[in-house]
Amino acid sequence: MRLSDMDEGTGFSVVRVLIGGEVGKRLADMGFTEGANGLLVRGTFMHDPLQVRIRDYDVLIRRSEAHLIEVMPVGGNTEGFTNDTQEYGRKRQRHGFGAAGGWQKAFACRFGRKS
Amino acid sequence: MERQAAGKKHLHVALAGNPNAGKTSLFNALTGAHHKVGNYPGVTVEKREGIRTYGDLTLHIVDLPGIYSLTAYSLDEVVTRDFVLEQKPDIVVDVLDSTNLERNLYLCLQFQELGIPVVGALNMSDEAESKGIHIDADILSKTLGIPLVKTVGTDGKGTESLLAAVKTASLSGSSGKMPAYGAEIEACLARLEKLLRADVEFSKRYPPRWMAVKLLENDQNAIQKLGQSPRGESIRDQAEADRLWIKKHFGKESEIVITEQRYGYIHGALAEAVRKTPVEKVSTTEKIDRILMNKYLGLPMFFLIIWGIFKLTFTVGAYPVAWLESGQAALSAWLEQIIPPGLLRSFMIDALIGGVGGVLSFIPLIVILFLCISILEDVGYMSRAAFLTDRFLHAFGLHGQSFMPLILGFGCSVPALMATRTLKSPKDRIATILAVPFMSCGAKLPVYVLLAGAFFPDRAADVVMGLYVGGVILSLISTIFLRKTVLKGETTPFVMELPPYRLPTARGILWHVGEKTWQYVKKAGTVILLASIVIWILTTFPVPSDGPHTDEYKLEYSIAGRIGKFIEPAIRPLGFNWKIGVALIPGFTAKELIVSTLGILYGNGGQGAAGAGVSADATGVSADAAGNTAGLSAALRADSSMTPLVALCMMVFVLVMPPCFASIATIKSEAGSKWALFEVVYTLCLAWIMAFLVKSIGGLFV
């Protein structure tokens, strides 16, 4: 699964960055390396760019870059001490704001930039 | 600068670290007020230098750019590593954000690999403690083999022990333990190192271990450097073979493998030295971000903040602007009394006071704008603004970080152009720099107000609004065009740290504002003064010996008048007569001068001539200005060649034409003379084309 396909408020573990070169190297340098745990905190209205928590700090990346990161969804506690966002995401889903498979994501998939 | 630290009185210290690690505040805490700001040779990367005495030692401290890694992909990173390799400072102090050691140590390792003594400053140690991160500096220091000192840059805690560590470390000259990359990669590295060491000269210049790692990382800059060695070719081939082998063996690119090994090494080191107590409560940053970064509320909040800044700038700023202007008027009146009428008086009042005064009256606005930007920057809101706007701007070939400069462009282009420094990729930055002048700045407003008020009395507000919106649309279209032509190429990845909100310190903010304002005064002051003297000469000489003694005739007789007549054929297709041509010339210095020049040309001289550059300030819309221009509006309407369509064309021309000299000078210092020249030619051509289009299309309807 790619990071760009993840739902907001869900944790993940990085499997690998799919390319090298400038983009891949930059992503790896910022901490997206095999086994690193993270959390997709939120996206904008168009699900692009995304706010991702990795190695205990937050980074903003575009969908096109998130698409280059292969991840494995991780339930429950992700690493770190601020799990509130995950809880927040679950609460949102319960209350029907539905980040999961939300229409924004569908919209972004349809009209967003593909790469 | 031979490294002979023992017994040396001077130490060259380079301060490095990640962005948002508190490097600047630590630099200020170390050097106090003793620093100077410049650029690294040949590039517009800011370089700060300061001096600190410690015992019998004089420390020359250089602040390196804030970076995450030492790749060859960004200018900042190349500048940093070249500085370390070529200037060979005695020691690197790496400022580490204690709340985020993993990523911060990643850079630290790379400095160690550069073979230079490194001291780590565990900065923001207070914040880390409150977040439940307990760092055992002694254990970590032993694992990494470098001295570590806990500091708090904002209040200068720990600087003394940091300096002590710097002194000791510079004596030892050791760069600590190198990270181990695992048996397979170490074997490759050893082989490459051996080859590199064979060329003694080359390995003296570039540490073989570092060079070997960079070659495996497929670092183009390092590969290029190999060209200096006669054995370069064979080493490059060996590295190429090693990279292919690693890719085959590990199943991913070698540069990714190296990065993963480094992170693995750090992870291991931290596992022993850092203990985390979970802090359950939702962080304040997260609470604020749920509103400010919200899908639906984020953008409205953003626009509210921007609106607030402009409101503050122009309402609060109006007072000091008014004081400065009345002061200038008093000074002019006093000079009029003591200097007899003639060239000297005209020079003093029109050129000197008019020119310098124009800059001076802008300062309060600039200070408030810079103050607001600095606060937003230090609080950490800028990257949030980039997050909210990137999707939209990226579609036009800009970047989320372009938004702030563009918005500031509505106030004044100079601070807007200076704000483009936050953009790290040169292409994004130049694209933004070229887009900023299309935002109608405060000085263009008086021109719009005058012309729209005179020729579209019922719909003046709509016309002015239309010009503002038109400018924005034009800037976006222009950017698409430039991205397809002169700024062609891949856009750089948008990978940006989102720092937690932090309370800014008053000292940091004031220091920042003072520095930026001084840069503005220096730049605008000298350039505008020079330009206003030139414009004064153009509009004054030659002085007619006979003919009617009106200001209008004098101006017609002057060089500017002749230029106006000379260029008339070129501007005729736009419907402009020579008078408009003349009025546009001072527009190159400052747009508000167009109004006062029109005042002279349309026989409304009196107040216009004396108050050139002063009568219309950035706020422009004041009742005073409107009163002054009532007579001028009537005179303009009486001119039969001035139709509403021509007035519209003129407004469009003013919107698009080259920005003021101060902006051009800023473009030159931010992007180089090539781009400053390009901007002038490009906007001049575009202004003509746009005005011509308006004239032709409008002509079909009138």
Side-chain angles (χ1 to χ4, degrees), chain A residues 8 14-36 41-66 68 70 77 79-85 87-88 92 97 99 102 104 108 112-113, chain B residues 68-69 71 73-74 97 99-103 106 131-133 217-218 247 251-256 258-260 262-264 267 276-283 285-286 289-290 293-296 298-299 383-384 386-388 390-392 394-395 400 490 492-500:
Chain A
E8 287 172 31
V14 176
V15 176
R16 61 196 204 118
V17 174
L18 294 159
I19 58 159
E22 179 175 3
V23 182
K25 177 72 175 158
R26 180 66 67 217
L27 289 170
D29 278 350
M30 296 300 274
F32 289 95
T33 56
E34 187 180 336
V41 182
R42 59 167 67 80
T44 57
F45 182 68
M46 298 273 284
H47 207 65
D48 181 25
L50 304 166
Q51 179 187 347
V52 181
R53 190 158 299 158
I54 184 100
R55 292 183 190 276
D56 288 351
Y57 82 99
D58 286 16
V59 66
L60 306 172
I61 56 175
R62 288 196 183 121
R63 253 178 81 79
S64 51
E65 282 128 24
L68 301 169
E70 196 181 321
N77 253 5
E79 181 181 318
F81 35 85
T82 40
N83 305 316
D84 46 275
T85 309
E87 181 51 35
Y88 174 62
R92 278 171 60 89
F97 286 102
Q104 298 101 345
R113 198 159 58 96
Chain B
Y68 296 105
S69 183
T71 64
Y73 293 119
S74 97
D97 175 355
T99 64
N100 184 13
L101 270 184
E102 267 189 10
R103 202 204 58 219
Y106 181 76
K131 276 192 170 175
I133 305 171
E217 280 187 293
N218 198 13
K247 190 178 173 187
K252 40 193 148 192
E253 302 291 336
S254 56
E255 59 263 38
I256 304 287
I258 298 259
T259 308
E260 295 195 329
R262 270 194 207 127
Y263 267 115
H267 202 81
K276 285 178 191 164
T277 359
V279 180
E280 280 301 326
K281 65 175 203 281
V282 179
S283 66
T285 294
E286 184 54 40
D289 273 345
R290 277 178 197 171
M293 300 268 280
N294 184 285
K295 273 197 185 60
Y296 310 100
L299 271 181
S383 36
R384 277 141 182 112
F387 173 75
L388 293 167
D390 181 71
R391 184 69 188 82
F392 173 74
H394 187 54
E490 281 288 295
T492 45
F494 177 87
V495 179
M496 229 173 115
E497 186 186 355
L498 187 79

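Note on naming: letters A, B, ... go to the chains in the order of the sequence lines (proteins, then strands), and numbering restarts at 1 for each one.
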Nearest heavy-atom neighbours spanning B/N100 and A/R55
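Here B/N100 and A/R55 meet closest at OD1-O, 3.5 Å.
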Separation between [atom1] of [X] and [atom2] of [Y], rounded to the nearest 0.5 Å:
X: A/D58; Y: B/M496; atom1: CG; atom2: CE; result: 12.5 Å
X: A/F45; Y: B/F392; atom1: CZ; atom2: CZ; result: 13.5 Å
X: A/T44; Y: B/L299; atom1: OG1; atom2: CG; result: 8.5 Å
X: A/E22; Y: B/E255; atom1: CD; atom2: CD; result: 11.5 Å
X: A/R16; Y: B/I256; atom1: CZ; atom2: CD1; result: 10.0 Å

For B/R103, is there an ion pair with A/D29 - N to carboxylate O distance below 4.0 angstrom?
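The answer is no: the pair does not qualify as a salt bridge.
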Answer yes or no: is there an ion pair linking A/E8 with B/K295, defined by an N-O contact shorter than 4.0 Å?
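Looking at B/K295 together with A/E8, the answer is yes, because their closest N to O distance falls below 4.0 Å.
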Does A/L60 form a side chain to side chain contact (heavy atoms under 4.5 Å, CB included) with B/V495? I'd like the steps, not just the answer.
CA-CA 6 Å; A/L60 306 172; B/V495 179; over 6 Å; no
Is it the side chain or the backbone of B/Y73 that comes within 4.5 Å of chain A heavy atoms, both, or neither?
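Looking at B/Y73, backbone and side chain both touch chain A.
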Let me know if B/T285 has heavy atoms under 4.5 Å from chain A in its side chain, its backbone, both or neither.
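No part of B/T285 comes within 4.5 Å of chain A.
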May I have the step-by-step check of side-chain hydrogen bond (donor to acceptor under 3.5 Å, both in side chains) for A/K25 and B/T259, ending in yes or no?
CA-CA 8 Å; A/K25 177 72 175 158; B/T259 308; 2.9 Å; yes
